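Below is one structure, written out as structure tokens; the observations come after it.
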Amino acid sequence: MMTSSTSGYHWGIEVDGDLVGAISVVNLDGHDAKAEVGDVVARRAWGRGLATEALTAVVAHMFEEVGLNRLYAVHAPGNTASGRVLVKAGFEHEGLAIDHMRCTEGFQDCHLYGLTRGQWRRRADEAAGG
């Protein structure tokens, strides 16, 4: 299931008809052909590869169909599972963004990951044996 709006693209993650998560592409920048991607998966569905599967499909859609050149994502330092999902989907860790996000305790740093269409294509070609 997908919806698009002026604020971005939004998909639900379903398992056997049960909505267990969501993935969104937001902060679209048409001039620079880039956007931010983020996901959330219910605790009951953790550890099943759902976020990686959804992110991999969304990356392909955004590069092939929408024509973006770059996707990026952030996660809090304590959320290492999100970092693993991003790496499995081909993203590279680019650094630590200081005071990037406001949370209950105040501003927090976030790890920044990115993936360009060129990097994604090269990895796809390598995986296909090319």
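For clarity, every value in this text was computed on a predicted model and none was experimentally measured. Reckoned from all heavy atoms, side chains included, excluding hydrogens, waters and symmetry mates.
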### Message
Test side chain to side chain contact (heavy atoms under 4.5 Å, CB included) on Leu71 and Phe63; report intermediate values, then the result.
### Response
CA-CA 9 Å; Leu71 288 167; Phe63 288 151; 4.0 Å; yes
### Task
Please report the C-alpha distance between Val74 and Glu36 in whole Å, then the side-chain angles of each, then the deciding distance to 0.1 Å, and finally whether the side chain to side chain contact (heavy atoms under 4.5 Å, CB included) criterion is met.
CA-CA 8 Å; Val74 298; Glu36 181 176 2; 3.8 Å; yes
### Task
Evaluate the side chain to side chain contact (heavy atoms under 4.5 Å, CB included) criterion for residues Leu55 and Leu86: first the C-alpha distance (whole Å), next the side-chain angles of each, then the deciding distance (0.1 Å), finally the verdict.
CA-CA 8 Å; Leu55 181 57; Leu86 290 163; 3.7 Å; yes
### Message
Quick one, Asn69 with Asp32, criterion side chain to side chain contact (heavy atoms under 4.5 Å, CB included). Give me CA distance, side-chain angles, the key distance, then yes/no.
### Response
CA-CA 8 Å; Asn69 183 61; Asp32 291 327; over 6 Å; no
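Taking 4.5 Å as the limit, every side-chain heavy atom of Phe107 sits out of range of all side-chain heavy atoms of Ile98. Between Leu112 and Leu96 there is no side-chain heavy-atom pair separated by less than 4.5 Å. By the 4.5 Å heavy-atom criterion applied to side chains, Val20 and Leu50 are counted as neighbours. Between Pro77 and His111 there is a side-chain heavy-atom pair separated by less than 4.5 Å.
Relative orientation of the Tyr113 and His93 rings is perpendicular, given thresholds of 30° and 60° on the angle between their planes. Note: His61 and Tyr9 have perpendicular aromatic rings, judged against thresholds of 30 and 60 degrees for the angle between ring planes.
A salt bridge links Glu94 with Arg70: at least one charged nitrogen is closer than 4.0 Å to a carboxylate oxygen. Between Glu92 and Arg123 there is a salt bridge, with a side-chain nitrogen of the basic residue lying less than 4.0 Å from a carboxylate oxygen of the acidic one.
No continuous path of ILVMFWY side-chain contacts below 4.5 Å connects Val40 to Ile23, so the two sit in separate hydrophobic clusters. Residues Trp120 and Leu28 are members of one and the same hydrophobic cluster, defined by side-chain heavy-atom contacts under 4.5 angstrom among Ile, Leu, Val, Met, Phe, Trp and Tyr. In this structure, Val66 is a member of the same hydrophobic cluster as Val58, with clusters built from ILVMFWY side-chain heavy atoms closer than 4.5 Å. Using a 4.5 Å cut-off between side-chain heavy atoms of Ile, Leu, Val, Met, Phe, Trp and Tyr, with links allowed through other members, Tyr72 and Met101 fall into the same hydrophobic cluster. Cluster membership for Val85 and Val87, using ILVMFWY side-chain heavy atoms within less than 4.5 angstrom, is shared.
Between the side chain of Asp109 and the backbone N or O of Asp99, at least one donor-acceptor pair lies under 3.5 Å. At least one donor-acceptor pair under 3.5 Å links the side chain of Asp29 to the backbone N or O of His31.
Note that CD of Glu53 is 10.5 Å distant from CZ of Arg48, once rounded to the nearest 0.5 Å. Here the straight-line distance linking atom CD of Glu105 with atom CD of Gln108 works out to 7.5 Å at 0.5 Å rounding. With values rounded to the nearest 0.5 angstrom, His100 atom NE2 is found 11.5 Å from His75 atom NE2. For the atom pair CG of Leu68 and OG1 of Thr116, the computed distance is 12.0 Å after rounding to the nearest 0.5 Å.
Around atom CD of Gln119, more than 12 heavy atoms belonging to other residues, nucleotides or ligands sit under 6.0 Å away.
Nearest approach of Val41 to Ala51, heavy atoms of both residues: CG2-CB, 3.9 Å. Nearest heavy atoms, Val37 versus Ala73: O-CB, 3.4 Å.
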